[in-house]
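Some notes on the structure that comes next.
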Amino acid sequence: MNQNQQDIDENLLLQYLLGNADKELVASIEVWLSADNRNRHCLDQLESLWLETGKLTPAPVAVDVEAAWEKVSMRISLENLKLPVYEKEKPVRIKLYRSLLGAAAMIILLIGVYTIFRLIHRPVKQVELFSGITIVHDTLPDGSKVSLNKNSRLVFPEKFSKSNREVTLTGEALFEVEPNKAYPFIVNTSLVGIRVLGTIFSVNTHSDGVVLVSVTQGSVMLFKVDERNGDTLSLLLHTGECGMMKKGALHPVRTESTSPDGLFWANHTLDFRSTLLSEVFTMLEKYYSVKITASDPSVMNCRLTATFLNEPVNRILAIIAESFNLELQTQGKIYHFTGQGCNNESK
């Protein structure tokens, strides 16, 4: 059933921005946008607000010192009117008492104003993680986990703000973000921003002029503000998907899956997706310092789809042998497969 243009509300527009709208809803919203420029402006405002909500910080408390002092002075004056005068011959003491009371009130007020000013304008201490020649694993202030590849840097506040969890990355990192729908996690890079609510994903900025994002679990949004018109251009990625932002490009785009060993540096994960055994064996020889051979060259044509997380090489090879009905012989660090291979490059 077609969506009445009068029924277009923020919920439907949000589904449209996230790419969750069906074809009928997309068509209705496109008609609604073209009907009036104010509708287009409404959509742009909603998109910018949704993406940038996490960047808003609490508005500073404005202190009007003169107005505050006038209120205190008035209150002191009213209190002074009620002071009883017991002895007519001691007006000097009463006047002195009033002066001291007023001075004390001013000191208290100034101390309060100064304290509020310091609290508002106190700089947030920044923490910097730098991996250098080693891989660094650490926990962020919200409990999220991060692994930094070699020669990478992550900068974040000692304590996250009440509105978001914002970090800045140079290099490569794997994030395991604690879920919190009301508390977005934002990764800033030189080319694109990444906004998440709770997920596992990696970011690589090592390549000159390219930022790569790979989602292991959950969803992330890549976003960039177009400097020409202020529009926010975004791309939503789900589990198993990858995105890329190139220097000079107008918006991020989807890309092919990363290499099977893309996260081996972080957690010894090997994620094979229809990968030739010839490539699988080459990676295993590289990372485990072993030698792998096969009596039948066609074994190398078989394709493997499997994910191994921090598994020993003998277990990985045993699973491969079982999967392709092969026999595995072991002699020290030398592994030899016997059996029929896959002439048609399939199992």
Please round to the nearest 0.5 Å and tell me the distance separating atom [atom1] of [X] and atom [atom2] of [Y].
| X | Y | atom1 | atom2 | answer |
| --- | --- | --- | --- | --- |
| Leu33 | Cys42 | CG | SG | 9.0 Å |
| Asn39 | Ile29 | CG | CD1 | 11.0 Å |
| Phe130 | Lys150 | CZ | NZ | 12.5 Å |

Any heavy-atom pair between the side chains of [Y] and [X] that's under 4.5 Å?
| X | Y | answer |
| --- | --- | --- |
| Leu237 | Leu222 | yes |
| Val155 | Val127 | no |
| Met300 | Phe281 | yes |
| Asn188 | Leu169 | no |
| Glu172 | Leu148 | no |
| Phe308 | Ile319 | yes |
| Gln126 | Glu158 | no |
| His251 | Leu235 | no |

Between [X] and [Y] (side chain of the first, backbone of the second, donor and acceptor by atom type, cut-off under 3.5 Å), is there such a pair?
| X | Y | value |
| --- | --- | --- |
| Thr275 | Arg273 | yes |
| Ser131 | Asn149 | yes |
| Asp271 | Pro260 | no |
| Thr170 | Ser152 | no |
| Thr189 | Val192 | yes |
| Arg254 | Leu236 | yes |

**OP:** Could you tell me whether the side chains of Gln340 and Asp296 share a donor-acceptor contact shorter than 3.5 Å?
**Re:** no
Original post:
Which is it for Leu154 and Thr168 under the side-chain contact (heavy atoms from CB on, under 4.5 Å) test, yes or no, and what are the steps along the way?
Top reply: CA-CA 6 Å; Leu154 186 72; Thr168 300; over 6 Å; no
Membership question, hydrophobic clusters at under 4.5 Å side-chain separation (ILVMFWY): are [Y] and [X] in the same one?
| X | Y | result |
| --- | --- | --- |
| Phe185 | Val213 | yes |
| Leu191 | Leu212 | no |
| Ile194 | Phe175 | yes |
| Val211 | Leu263 | no |

**OP:** Mind checking side chain to side chain donor-acceptor pair (under 3.5 Å) for Thr269 and listing every partner two or more places apart, or none if nothing turns up?
**Re:** Asn267
**OP:** Measure centre to centre between the rings of Phe337 and Phe324, then say whether the value is under 6.0 Å.
**Re:** no
Subject >> Plane angle bin for Phe264 and His268 - parallel if under 30°, tilted between 30 and 60°, otherwise perpendicular >> reply: parallel
**OP:** Kindly give the heavy-atom pair with the smallest separation between Val146 and Ala173, and that separation in Å.
**Re:** CG2-CB, 4.2 Å
**OP:** Provide the closest heavy-atom pair for Phe201 versus Leu174 in the form atom of the first, atom of the second, distance.
**Re:** O-CD1, 3.4 Å
Original post:
Under the criterion side chain to side chain contact (heavy atoms under 4.5 Å, CB included), which of Ile186, Leu140, Asn180 is the partner of Arg165?
Top reply: Asn180
Original post:
Going by the side chain to side chain donor-acceptor pair (under 3.5 Å) test, which pairs reach into residues 284-293, not counting sequence neighbours?
Top reply: Asp261-Tyr287, Thr293-His336
